[in-house]
Structure formats: C-alpha cells, structure tokens
Amino acid sequence: MTTVEAGVAGGVGTSPKRPDGGLKVRGEFAFSSDLWADDMLWGATLRSPHPHARIRGIDITAAVALPGVYAVLTHEDVPGAKRYGLEIVDQPVLAMGEVKYQGEPVAVVAADHPETARRAAARIVVDYEVLPAVTEASLGVLLRHVPIRTGDPDATADVVVTGEYQVGMQDQAFLGPESGLAVPAEDGGVDLYIATQWLHVDQKQVADCLGLPAEKVRLTLAGVGGAFGAREDLSMQVHASLLALHTGRPVKMVYGREESFFGHVHRHPATMWYEHGATRDGKLVYVKAKIVLDGGAYASSSTAVAANAATLGIGPYEVPNVVMDASVYYTNNPPCGAMRGFGAVQACFAYESQMDKLASALGLDPVEVRLRNAMTTGSRMPTGQIVEGPAPVADLLIRVRSAPPAPEGSGDLREMPGGVSNTTHGEGVVRGIGYGIGIKNVAFSEGFDDYATARVRLELIGGEPAVLVHTAAAEVGQGLVTVQAQIARTELGVERVTVATADTSVGSAGSSSASRQTYMTGGAVRAACQAVRAALLARVGGARLDGGKVLSDSGAVIADLASVIGDGPIEETVEWRHRPTYPLDPVTGQGNAHVQYAFAAHRATVDVDVELGLVRVVEIVTAQDVGKAVNPLAVEGQIHGGTAQGLGLALMEEIQMVDGIVRNPSFTDYLIPTILDMPPMKVDVLEMADPHSPYGLRGVGEPPTISSTPAVVAAVRAATGKALTRVPVRPEHIVG
Amino acid sequence: MRLNCTVNGEARQADDVWAGESLLYVLRERLGLPGSKNACEQGECGSCTVYMDGTPVCACLVAAGQAEGRDVVTVEGIADGPVQQAFLAAGAVQCGFCTPGLVVAVHDLLARDSAPTDPEIREALAGNLCRCTGYEKILDAVRLAVQR
C-alpha cells in the first residue's frame with residue numbers, strides 16, 4: 001500500500017459512488033445521442049455497398065429535390081484536407097473516385113427528420129464500376145512489418161510443438177451508437193458535442209478537414225456509451241460539422257446499430273504460425289512466430305497494433321531465442337484498429353494454445369509448464385527491454401490454480417449447456433478446465449510523446465474549500481470522473497471536488513485507451529494538485545496539509561486551510577508525462593518500447609454438450625496485479641467486463657465476412673454475451689506497487705480481456721479433446 | 001398523425017408523428033424523454049425497455065400508433081428507489097447506456113417476485129445487454145435491491 005496524505009473520505013483506495021451515477025440510474029444522463037437543439041437538422045450517411053469499386057459519378061439531384069432536405073454533400077464539399085487518420089492520413093472524409101470497403105461513406109445529407117435524411121441518401125445515384133476486392137491479408141499491400149530477433153535464430157530443442165491459429169474479427173459493440181451534435185458558431189467555427197476517446201486528436205483531424213484553425217473547432221465530451229477502442233477513430237465528427245457549417249443549423253447524427261457496425265474499426269483478424277522449442281524438463285529454448293493481421297482498407301492504428309502483437313507476442317515468458325515477424329496488410333475488408341487488448345489479444349490466444357500443446361507433449365500440467373518459464377522482475381523481453389517493477393506471473397498462476405474448484409452443477413436445466421432450450425438434461429455433458437495468462441503494455445509506446453494535462457483550482461465556495469478539476473480526459477464508463485475526484489481529495493484533503501465536463505478548452509489528456517488514463521490523467525491531476533498544494537503552503541510557510549489544516553514541519557497547526565485560500569483561489573495547470581519510451585530497431589526489433597507491463601491470469605471451467613457443441617462457462621477465476629486499486633469497485637468492474645469480452649471472443653463474437661461483405665451487422669446475428677452466458681467470476685486483485693507510476697498503480701482495463709479467451713478455449717479443449725485452433729469456437733468445431 | 005397517450009402519469013400529445021416512427025423515437029425526440037436508450041433499435045438489447053399498460057416492452061419495437069391511448073411508464077417515471085440505489089451502490093453502472101432498461105426490467109422482476117434466485121434473475125434479465133460489467137455487479141445490484 002502506498003502511503004498518501006488523507007484526512008477526508010472518498011480518497012484514493014476507496015470506492016465512492018460515481019458522480020454521474022445518479023443521473024445514469026434515473027435516465028437523466030445526457031449521452032451523445034440524447035442531445036437536442038432548437039431548429040436542429042438530422043444527418044444521414046450514404047455508404048458504399050461494394051468492398052471495392054471505382055466511382056464514375058454521383059448524381060444528387062433526386063436527393064436535393066426531396067422536401068425537407070437542406071444539404072447533400074460529397075467529397076467536393078470538404079473544404080480542407082480530404083483525408084484523415086490516426087497514424088497515417090489515408091482515409092477519405094467522403095469517398096473520392098473509389099471506395100475501398102463496404103460501408104465507406106460516400107455522401108452525407110441533412111434533413112428535418114432522420115427518415116427524410118435516410119430516404120434522401122437512398123435517392124443519391126452513385127455510378128459504381130465494381131472492382132476485384134482483396135479480402136485475404138496475405139494478398140494485400142503491406143502496411144507494417146515488425147520483426148524481432150533475439151538470441152540464436154537457428155536454436156534447436158528436444159521438444160518442438162507447432163501450430164496455426166486464427167482469430168476472427170471482433171467488434172467492440174459498445175451500446176451507445178456513434179452520435180453527436182454539431183452547432184455552427186458565429187465566428188465561422190463549430191461547436192461539436194461528441195462521444196469520443198480523445199477530444200484533441202478529434203479536434204485536430206476535424207479542423208484539418210474543415211480547413212479551420214483548431215481554436216474554431218471546439219469539442220465538448222457528451223455522454224459516452226462505452227468505447228473499447230471503437231471511438232479512437234473519427235466516425236461522424238467531420239460529417240456533422242460539414243453539414244452544420246453548410247446549412248447554418250445545428251446537425252445531429254446518430255447511427256443505428258447496423259450502421260454502427262460500419263461506422264467504426266474492428267479488432268484485427270489474425271492468422272498466426274508458432275513454433276515453440278523446449279528442453280525435456282519444459283524450459284523454453286526458442287519461439288519462432290509469424291503473425292499476419294488484416295488491417296482492412298485504411299490504416300487507423302494498425303501500425304501500433306502490429307508492434308504490440310510483435311513485442312508482446314511470446315507472452316509473459318522468458319525465452320532466450322526469438323524470431324518474430326508480425327505484419328499488417330491493407331485489404332478491402334472493413335478497417336481494423338483499436339480494440340481492448342490491441343494486438344496482445346490475438347497473440348495471447350496463439351501463445352497460450354502453444355503452452356498447452358507443449359504441456360501435453362511433455363506430459364506436464366499446463367500451469368506447471370507456464371511456471372517453469374514465467375517471467376519475473378528483471379526478466380528480459382525479446383525486445384531487450386528489462387522488465388522493471390513487479391511481474392508476478394507465477395503468483396497469478398498459482399492463485400488461480402489454488403482457488404477452490406467450481407461447484408458441481410445443481411441439475412437446474414438453466415445451468416446446462418443450451419439452458420432453457422432444453423437440449424440436454426446432463427447426457428453428453430463433459431466438464432473441462434483451462435488456464436490462460438497474458439501480458440499487456442500500458443500507455444503509449446515506441447517513443448510517442450505521451451502526456452496528459454490537468455487544471456486544478458482550489459477556492460472557497462460558500463466559505464468552504466472546494467476543488468475544481470478540469471481535464472480533457474474522456475469518461476467512457478470506466479469511472480475516470482470518480483478517480484480524478486478521489487485523487488484531488490487525497491492530495492488536497494478537501495472532500496468537495498467537482499470534475500468539470502471534459503472539453504478542448506484545457507490541454508490534451510491523451511486517449512482513454514491503452515489502459516492509460518488513471519496512470520496518465522490521474523498522474524496529471526495528482527501533479528496539478530501537488531502544485532496547488534505547494535503554492536498554498538508557500539503562502540504561510542507550511543510543510544503539509546492534514547484534515548483541513550496547514551501544519552508546520554513539527555506538526556503544529558499554522559492556519560486553517562480555508563483562511564489560507566481566503567487570500568485568493570489557487571489554480572495550476574500541469575502537463576504530465578510518463579518516462580520516455582523508445583522506438584524499436586526496424587531490423588532487430590530491439591528497444592525499450594513500453595513504459596509499463598500488466599498481467600492477468602484466468603482459470604475457466606466449462607460444461608460442454610459434446611453431442612451438440614454447446615458450451616456453458618460454469619465459472620471464471622481471475623487474478624490480476626493492479627499495482628494499487630485506486631477504486632477497488634471500479635477495478636473489479638473492469639476485470640469483470642474485460643473478462644466478458646474475452647469470453648465473447650472465445651465462444652461467439654465474430655463479424656462474419658464473405659468476399660468483403662459483412663454478413664451479420666446486427667445484435668441479432670453478432671452475438672455478445674448475455675447475463676445467461678456469463679458465469680460467476682471470482683476476482684483476486686493483487687496490489688504490488690510499480691515504483692514509477694502514481695500511487696504504484698498499473699493500468700487495469702485491458703489485461704482481463706487478453707487471457708480469458710485462451711483460458712475458455714483451453715477448458716473447451718480439455719472437455720472435448722478437439723484442437724480448436726480458431727476463435728470464436730463454433731459448435732461445428734466441437735462436433736465436427 | 002397526432003398521438004395521444006399517458007406517459008409517466010401525464011396525458012401527452014405529439015403532433016406531426018410520421019407513421020413509421022417508433023414509440024422510442026416519440027419518447028426521445030418529441031416528448032423530451034431521452035432516458036429510454038437507442039442502443040440497437042432492433043429489439044435485441046433491452047435498453048429502451050418501458051412499461052406499456054404495465055407490461056415491459058422494447059419501445060423500439062412499438063410503432064408510435066400502437067401507443068395510442070396506452071399508459072406508458074419510462075425510466076424517468078419510476079421513482080428513485082431501491083433498484084436505482086442498489087445499482088449505484090453495487091457498482092453496476094459503468095457507461096450507463098444499458099442502465100435505464102435494466103432499471104425498468106429489475107423493477108418489473110421485483111414487482112413479480114420479491115425474492116428471485118440467481119437463475120431467475122438471469123432469466124429475467126436475459127434480454128438486456130450490457131457491454132461494460134460482465135453482469136456480475138448487476139446481479140449484485142439485484143440481490144442488494146431484494147435485501148432492501
């Protein structure tokens with residue numbers, strides 16, 4: 001436990017109620033799709049039905065003629081940059097002469113009713129010349145290749161296991177669809193109220209495309225209905241702003257669920273070849289791996305995803321000799337980019353499947369073979385980076401293995417595979433247990449200038465000390481608003497803390513991704529509070545704050561906090577950075593690319609109806625080192641939710657593509673876990689402080705998504721004896 | 001068309017309703033009640049659950065005209081009570097987009113059964129998708145609401 005200044009309730013290490021929770025349970029919280037303005041219009045998007053086609057012409061005449069239509073815009077109406085992108089500026093705001101994936105935006109419409117806008121979009125005549133579509137990554141154009149070489153590339157071993165593994169295209173499937181409201185401003189700019197993960201990167205891209213300076217494109221975070229990576233890229237931000245500036249009216253855009261499947265990037269599908277060599281007593285000698293990722297039509301964050309797959313691709317194990325090649329290719333499939341786990345998910349399914357295969361080849365217990373290779377503090381990553389800080393890989397494995405076994409079934413039909421479908425009363429049902437452990441980097445890597453900004457103001461309100469925390473950090477559901485207030489309470493000893501709505505009137509917070517915000521914006525809030533505290537203490541020569549008093553070195557009370565603030569509010573703005581990271585060598589993949597590593601382990605117990613191929617997950621046990629549980633309730637929530645998304649990838653979630661066409665863009669056909677699919681979860685939270693991070697904390701959000709998938713699949717393998725080399729596992733893989 | 005119905009105990013009227021609009025659209029965009037959520041508008045996620053004549057329905061699947069003369073209660077019309085407080089206390093709220101639908105569904109479950117078992121809770125909430133919580137703390141919230 002890290003010692004922190006305290007003195008008030010609701011500080012770091014406690015679980016105060018969310019400040020937005022009351023509004024959310026009463027239905028009063030304003031999500032981005034709930035916004036409304038006088039005189040507002042509705043936007044709609046026309047999208048390509050083809051994965052690849054040349055556009056010979058666009059005729060908007062019939063659309064414009066529809067009563068109630070105020071604007072029909074194409075790429076010709078984009079006043080600034082015609083393309084945008086997170087890492088590579090390659091994605092058109094509206095298609096220019098060519099469409100490269102099904103669902104690519106071609107034109108946008110503003111009308112006085114959403115149905116009118118949709119009907120107008122349908123009247124736009126686009127003359128397409130359909131072109132052949134590249135839908136296999138291996139046939140596409142290379143976007144990035146990340147090689148990693150360490151040790152002897154020709155190393156040999158007594159025991160060798162090989163395997164080919166595949167991961168399907170997963171969707172983030174946040175519940176709150178892409179939406180927002182663009183309001184034209186008197187200065188010729190636009191005010192955009194939007195659900196996003198990173199206001200400032202949106203601001204830059206929108207301003208560039210509108211041909212406006214950044215200060216004329218002001219973004220305010222509207223309520224965000226989940227993110228999970230899908231809000232890193234732009235969706236309707238530029239479109240709504242264009243329509244608003246063109247019509248001079250506020251424009252609201254809200255995607256429906258089908259459109260949402262086309263409106264954001266997905267998790268990269270992967271094909272992975274692995275060869276593990278080990279000694280007869282189970283020590284890894286080498287790993288050779290090739291990972292091929294399908295990047296889809298535009299780059300999004302593919303280049304960083306490939307780096308993660310490569311650098312984290314052998315797992316949390318000590319391996320002296322590594323030959324790793326991770327590559328991502330352009331295709332005519334939907335663009336893929338960020339999703340919780342970000343490249344580490346795909347690799348973990350492969351390397352953990354390999355560890356089970358190795359255990360089987362050696363006649364060892366699957367946990368035992370992992371323990372014999374588990375990395376620890378001081379271990380060397382295949383990039384040459386030394387793992388600093390706690391790396392309790394073995395401890396996490398032992399904890400999940402040592403948990404009491406899952407209870408036997410009660411015989412209740414609802415607890416059987418197939419449930420109330422009444423497909424079995426126990427006949428053909430076999431139980432299996434499987435394990436998985438994973439590794440994830442926290443925050444941005446490879447030398448990216450990763451920082452967060454916080455402005456903290458300490459003042460008297462009604463004679464009482466009060467703190468206002470203002471950042472641009474996106475609350476996406478994870479509880480960042482709660483955590484920011486907790487940190488301010490702890491650092492300043494003031495209970496009354498308000499977290500201002502995030503907007504671009506304060507500096508960038510970076511993205512709510514890469515499990516980084518509690519570390520980064522939390523770190524910035526802490527640093528700003530410390531600056532405020534230093535200024536406050538300097539006023540009276542105090543040494544510290546405690547319980548609303550300013551104390552001297554010897555602990556004597558110098559003054560009341562309120563009386564010191566009485567001279568005037570104190571406000572400090574701080575830009576805070578984590579330790580620098582460095583690029584990977586482009587040939588050897590060597591370099592200290594990551595700032596922090598995080599680990600989680602899972603044990604899954606499943607019942608499988610081996611005759612029908614139906615799986616019921618009976619229980620999941622998980623252990624994760626979080627360094628410091630800044631908000632224990634929220635930490636558990638992240639671990640539960642992340643585990644659920646990993647279970648979904650294991651058993652049901654896949655965007656099914658046929659020749660570049662999405663076959664299941666709905667919640668009827670793209671299945672995410674329901675409350676009937678999720679088992680009871682036992683969560684074991686370790687707090688082993690990282691000496692370099694605020695309060696010793698470690699990013700929490702992604703690790704649980706990474707290792708739950710291989711654990712569930714391993715359990716199904718144990719029950720069925722099937723190889724199961726592809727996720728999601730389908731019934732036909734089990735009975736076939 | 002003009003739509004007349006009772007919403008949260010008040011007689012409400014909406015004019016110029018296009019026949020293809022859903023009850024969800026009318027509530028959200030014409031009556032100023034955006035609490036019922038638009039997560040899928042396909043009847044799969046339960047986030048738009050409202051009572052219609054006492055029965056929970058997906059408002060997205062009810063054509064506006066079908067609500068004529070009916071009694072509708074939305075999340076905004078359910079008194080802030082043990083269900084909402086239990087969701088907050090248990091940590092069952094993250095992004096909150098599923099929460100209004102779940103509050104209505106749990107309110108309905110507990111009105112029918114004051115002491116549901118875990119399998120009964122799971123069955124009752126099987127039509128409400130949540131992407132953030134993995135449902136564990138939603139179960140905790142229902143158990144807590146039962147105790148209260």
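Letters A, B, ... are given to chains in the order of the sequence lines, protein chains preceding strands, and every chain is numbered from 1. Note that the structure is a prediction, hence the values are computed from the model and not measured.
The candidate from A:Ala30, A:Ala173, A:Pro114 with the greatest count of non-hydrogen atom pairs under 4.5 Å with chain B is A:Ala173. Between chain B and the options A:Gly256, A:Ala227, A:Gly637, the largest number of non-hydrogen pairs under 4.5 Å is found for A:Gly637. By number of non-hydrogen pairs under 4.5 angstrom with chain B, the leading residue of A:Gly479, A:Gly226, A:Gly21, A:Ala644 is A:Gly21. Interface check for chain A: of the options B:Val103, B:Leu88, B:Val75, the most heavy-atom pairs under 4.5 Å are formed by B:Leu88. Residue with the most contacts toward chain B among A:Glu28, A:Arg414, A:Gln638, A:Glu415: A:Arg414 (heavy-atom pairs, distance under 4.5 Å). Interface check for chain B: of the options A:Gln478, A:His113, A:Lys17, the most heavy-atom pairs under 4.5 Å are formed by A:His113.
Taking the side chain as every heavy atom from C-beta outward, B:Tyr25 and A:Glu115 never approach each other to under 4.5 Å. Side-chain contact check for B:Cys95 versus A:Phe29: every heavy-atom pair is 4.5 Å or farther apart. Using a 4.5 Å cut-off on side-chain heavy atoms (C-beta onward), A:Glu258 and B:Glu41 make no contact. Using a 4.5 Å cut-off on side-chain heavy atoms (C-beta onward), A:Gln645 and B:Arg131 make contact. Taking the side chain as every heavy atom from C-beta outward, B:Pro34 and A:Trp36 never approach each other to under 4.5 Å.
Only the side chain of A:Val420 has a heavy atom closer than 4.5 Å to any heavy atom of chain B. Heavy atoms of B:Ala79 lying under 4.5 Å from chain A are absent altogether. Residue contact with chain A, scored on non-hydrogen atoms closer than 4.5 Å, involves the backbone and the side chain of B:Val93 alike. Proximity to chain A (any heavy atom under 4.5 Å) is shown, for B:Glu123, by both the backbone and the side chain. Contacts between A:Pro680 and chain B at a heavy-atom distance below 4.5 Å involve backbone atoms as well as side-chain atoms. For A:Asp412, the part lying under 4.5 angstrom from a heavy atom of chain B is the side chain only.
Checking side-chain atoms of B:Tyr135 against main-chain N and O of A:Pro673 turns up a donor-acceptor pair under 3.5 Å. The closest donor-acceptor contact from the side chain of B:Arg122 to the backbone of A:Met678 lies under 3.5 Å. At distances below 3.5 Å, at least one donor-acceptor pair connects side-chain atoms of B:Arg28 with backbone N or O atoms of A:Ser33.
B:Asn38 CG to A:Leu175 CG: the interatomic distance, rounded to the nearest 0.5 Å, is 10.0 Å. The line from CZ of A:Arg257 to CD of B:Glu44 is 11.5 Å long, rounded to the nearest 0.5 Å. In this structure, CD on B:Gln84 lies 8.5 Å from CZ on A:Arg26, to the nearest 0.5 angstrom.
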Inset, instruction - Tell me, with the steps shown, if A:Lys252 and B:Glu29 meet side-chain contact (heavy atoms from CB on, under 4.5 Å). - result: CA-CA 12 Å; A:Lys252 173 170 170 171; B:Glu29 304 296 341; 3.0 Å; yes
Inset, instruction - Walk me through it: do A:Ile675 and B:Leu139 pass the test side-chain contact (heavy atoms from CB on, under 4.5 Å)? - result: CA-CA 9 Å; A:Ile675 199 168; B:Leu139 281 156; 4.1 Å; yes
Legend entry - Check against side-chain contact (heavy atoms from CB on, under 4.5 Å), B:Thr133 and A:His640: CA-CA 6 Å; B:Thr133 66; A:His640 289 149; 5.7 Å; no
Inset, instruction - Take B:Gln94 and A:Lys24, measure what side-chain contact (heavy atoms from CB on, under 4.5 Å) needs, and give me the verdict at the end. - result: CA-CA 9 Å; B:Gln94 288 191 35; A:Lys24 285 178 173 177; over 6 Å; no
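Below 4.5 Å, heavy atoms of chain A meet heavy atoms from B:Pro119, B:Glu120, all part of residues 104-120 of chain B.
Residue-environment remark: CG (B:Asp16) stays at or below the threshold of 12 foreign heavy atoms within 6.0 Å.
The two atoms that bring A:Gly27 and B:Glu76 nearest to each other are O-OE2, 3.9 Å, heavy atoms only. In this structure, A:Phe667 and B:Leu129 approach most closely via the heavy-atom pair CD1-CD1, 3.7 Å. Scanning all heavy atoms of the two residues, the minimum distance from A:Thr668 to B:Gln42 falls at N-OE1, 4.5 Å. Counting all heavy atoms, side chain and backbone alike, A:Phe228 lies closest to B:Cys132 at CZ-SG, 3.7 Å.
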